[in-house]
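Heads up, the thing below is written out as structure tokens.
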Amino acid sequence: MRRDVMVEMRDGVTLATDVHLPQEGESFPTLVHRTPYNKAEDVPVGTIPTAVENGYAVVQQDVRGRFASNGWFVPFSEGEDGYDTIEWVAEQSWSTGQVGMYGTSYRGMTTIQAMKEEPPSLVAAAPLVTPANFYHDLQYSGGANNLGTSMAWTASNSFSQISRLNVSESEANALREQLQALFQNWPDSAAQLPEIDISAFDQGVAPYWRDWLEHPTFDNYWQAIDVLAEVGDLSIPMVQAGGWYDIFLDGTTSLFSAVEERAPEVVRENQRLVIGPWSHLTYPSADPVGDRDFGSEAAYDLSGELVFPWFDYWLKDEGDGVRSLPKVQYFQMGADEWRSADEWPPSSSTPTDYYLDGDIPDDGVSSGGLSTNEPAAEDATDSYDYDPLDPVPTRGGPLHMGPLQTAGVVDQTPVEERDDVLVYTSEALSESVAIAGDVEATLFVETTAPDTDFVARLVDVGPDGYSMNVTEGVLRARYRESFEEPEFLEAGVVYELTVDLRPVAHTFESGHRIRLDVTSSNFPKLDRNPNTAITVSRATEEDMQTATQTLHRSSNYPSRLQLPVDSA
């Protein structure tokens, strides 16, 4: 192995790079893996030794400003460095010039950012469990800040940055203590206001925190690094993988769909997609995802069945490039089995409306029923008060907060019993209902606030009463028309809001009940809307106001859940 080769970028900054070769004196197809998590310790999918044994040279590099590399770390700005690294690799005597790039999470971000720059020597790529649009897929969900994930990630990656600062040892120790206190006092740390002012991230530790929160709309800051906007120009074939409880699921499916719609034929015809029942930290294993064990079938050998066969074809001209695999492989939760399709969502899925109605189940928590029958009442409403100083606590779901919060399946009963959560439940199903595709909720609402949030969650209620969270979404109401140009609300006006609950594949078994929960907070996963016309990240405790939320469910205002019912 050649350790700490300093590779010069176009602006003169040098990045520390390790080169792993099957043997000296020959040239090999090469895989590039760029990481912010310390190349001396990070392990790419499939492991470096396995890649080397399969005849690949592997180049692993600390990204700019991290660990042994020079420069300053600016998250997500990885395109030019990726391009320069790939072209440097192609010029080396130990490389055939056939270069592939791969990675999960942030390493997947470096991959798609490099693809966006179209380096001539990049032949194929495998970005896994990673976002494509960094505004919608990463920092803001429905316009609400993914506070818990972004804060936890920033804090955990800031300890190693302190040594780069021009501060005294006592000042450095003080910064470390602040970061440690942030972790130890969770979720109180997430509750501090204003959320943009986190002293542990100041003094140069993580200046990007303020950048993210100072750009709450989909403006030029985010558009400049949006891969989806440039899919039509991509010429590099790719395979992808994601998880139903992964924080970046939307990025995985939206990139796949964008490629299908707009990419050149060589990219479109060769892409493959695998989605398992995984959270960000459990892919691609059969480990329990929160409370739920999906069984040994939930595991998928991504490196052996997808990634290495993919690169064997494109970089070594061996095999069929996974062309024998279905275009889409996905795990059907509930039925707990793998299924396949030629597209996503599957063509066998049909959007089906489940209306919020007035037939209240006798379960002690429901505000109303849920059925395919259109509501008959001309005027029916349910209301609750949302107090941002007493938010609904996060219980599982698609998040990535390490040991701070459990990701995946967690019983929702404790939050459904709260007065500020509306619950709509179907009758027990006489036969199973399978869904596969995008889930939406159309809500007719009014509020006393100029801005507020609406959180919707799809739940599978078992015969034992366990409320399994299946998927969820949020909409910050000021962004109901546009994520670029916010518009505030008027009191007494009924608004039609569409909440995206993310894609999913799940079977509600016979005897189970389908449930929709509606509320206005999910903290600390999401930041709290203060219910005022203010930049949310700058809200203080004095800005926090209680709002009365009214949900209409009548023939005039047919609030409903749209499920992609699969007839296959």
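No experiment lies behind these values; they were computed from the predicted model shown. In this chain, residues are counted from 1 in sequence order.
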Salt bridge (Lys or Arg N to Asp or Glu O under 4.0 Å) involving [X] - partner list, sequence neighbours excluded:
{"X": "Asp202", "value": "Arg210"}
{"X": "Asp250", "value": "none"}
{"X": "Asp390", "value": "Arg418"}

Under the 3.5 angstrom rule, does the side chain of [X] hit a backbone N or O of [Y] as a donor-acceptor pair?
{"X": "Asp84", "Y": "Met9", "result": "no"}
{"X": "Thr130", "Y": "Ser105", "result": "yes"}
{"X": "Thr104", "Y": "Leu128", "result": "no"}
{"X": "Glu472", "Y": "Leu501", "result": "no"}
{"X": "Asn469", "Y": "Val459", "result": "no"}
{"X": "Asp517", "Y": "Arg457", "result": "no"}
{"X": "Ser158", "Y": "Thr154", "result": "yes"}
{"X": "Arg395", "Y": "Asp411", "result": "yes"}
{"X": "Trp278", "Y": "Ser285", "result": "yes"}
{"X": "Gln192", "Y": "Asp197", "result": "yes"}

Taking 4.0 angstrom as the limit, do [X] and [Y] come out as a salt bridge?
{"X": "Asp42", "Y": "Arg107", "answer": "yes"}
{"X": "Glu416", "Y": "Arg515", "answer": "yes"}
{"X": "Arg528", "Y": "Asp543", "answer": "no"}
{"X": "Lys116", "Y": "Glu78", "answer": "no"}

Specify the closest pair of heavy atoms between [X] and [Y], including all atoms of both residues, with the distance to one decimal.
{"X": "Val129", "Y": "Gly243", "value": "CG1-N, 4.5 Å"}
{"X": "Gly290", "Y": "Thr406", "value": "CA-CG2, 3.8 Å"}
{"X": "Pro131", "Y": "Asp137", "value": "CB-CB, 3.5 Å"}
{"X": "Ala286", "Y": "Gly295", "value": "CB-O, 3.4 Å"}
{"X": "Pro36", "Y": "Arg66", "value": "O-NE, 2.9 Å"}
{"X": "Val74", "Y": "Tyr106", "value": "O-OH, 4.3 Å"}

Under 6.0 Å between ring centres, would you say that holds for Phe483 and His136?
->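 Ring centres of His136 and Phe483 closer than 6.0 Å.
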
Is the Trp212 to Phe76 ring centre distance short of 6.0 Å?
->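 Yes, they do, as the ring centres are separated by less than 6.0 Å.
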
Residues forming a side chain to side chain donor-acceptor pair (under 3.5 Å) with [X], sequence neighbours excluded:
{"X": "Asn133", "value": "Asp226"}
{"X": "Tyr300", "value": "Gln329"}
{"X": "Trp222", "value": "none"}

Under a plain distance cut-off of 3.5 Å, with no hydrogens placed, do [Y] and [X] share a side-chain donor-acceptor pair?
{"X": "Asn522", "Y": "Thr394", "value": "yes"}
{"X": "Asp18", "Y": "Gln61", "value": "no"}
{"X": "Asp451", "Y": "Asn531", "value": "no"}
{"X": "Glu171", "Y": "Ser168", "value": "yes"}
{"X": "Arg478", "Y": "Asn529", "value": "no"}
{"X": "Ser520", "Y": "Tyr384", "value": "yes"}
{"X": "Thr47", "Y": "Thr50", "value": "yes"}
{"X": "Ser199", "Y": "Gln178", "value": "yes"}
{"X": "Gln549", "Y": "Thr452", "value": "yes"}
{"X": "Thr507", "Y": "Gln332", "value": "yes"}
{"X": "Thr519", "Y": "Asp420", "value": "no"}

Side chain to side chain, [X] and [Y], heavy atoms closer than 4.5 Å:
{"X": "Leu526", "Y": "Asp453", "answer": "no"}
{"X": "Trp244", "Y": "Leu249", "answer": "yes"}
{"X": "Phe67", "Y": "Lys39", "answer": "no"}
{"X": "Ser69", "Y": "Arg64", "answer": "no"}
{"X": "Trp186", "Y": "Leu182", "answer": "yes"}
{"X": "Val504", "Y": "Asp438", "answer": "no"}
{"X": "Thr217", "Y": "Pro486", "answer": "yes"}
{"X": "Trp338", "Y": "Val274", "answer": "yes"}

ring-ring contact (aromatic ring centres under 6.0 Å, His included) assessment of Trp344 paired with Tyr330 | CA-CA 10 Å; Trp344 183 262; Tyr330 63 94; 5.3 Å; yes

Between Asp336 and Arg292, is a salt bridge (Lys or Arg N to Asp or Glu O under 4.0 Å) present by the stated rule, with each step listed?
-> CA-CA 11 Å; Asp336 291 355; Arg292 181 68 187 273; 2.9 Å; yes

Determine, step by step, whether Arg538 and Glu214 satisfy the salt bridge (Lys or Arg N to Asp or Glu O under 4.0 Å) criterion, reporting the C-alpha distance in whole Å, the side-chain angles of both residues, the deciding distance to 0.1 Å, and the verdict.
-> CA-CA 9 Å; Arg538 295 190 178 279; Glu214 286 175 348; 3.4 Å; yes

Value rounded to 0.5 Å, distance of CD in Gln60 from CE in Met1 =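 Those atoms lie 9.5 Å apart.
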
Any chance you could measure Met115, atom CE, to Thr110, atom OG1, to the nearest 0.5 Å?
->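 That separation rounds to 11.0 Å.
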
Candidate pair Arg502 and Asp246, rule salt bridge (Lys or Arg N to Asp or Glu O under 4.0 Å), full reasoning = CA-CA 11 Å; Arg502 301 170 25 116; Asp246 178 33; over 6 Å; no

Show your working on ring-ring contact (aromatic ring centres under 6.0 Å, His included) between His215 and Tyr135 and close with a plain yes or no.
-> CA-CA 9 Å; His215 294 274; Tyr135 177 85; over 10 Å; no

So with a 6.0 Å cut-off around CD of Glu541, is the heavy-atom count from everything else above 12?
->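 Count not over threshold, so no.
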
When you look at Asp291 and Tyr466, which way does the side chain to side chain donor-acceptor pair (under 3.5 Å) test go after all the steps?
-> CA-CA 11 Å; Asp291 293 346; Tyr466 185 97; 2.6 Å; yes

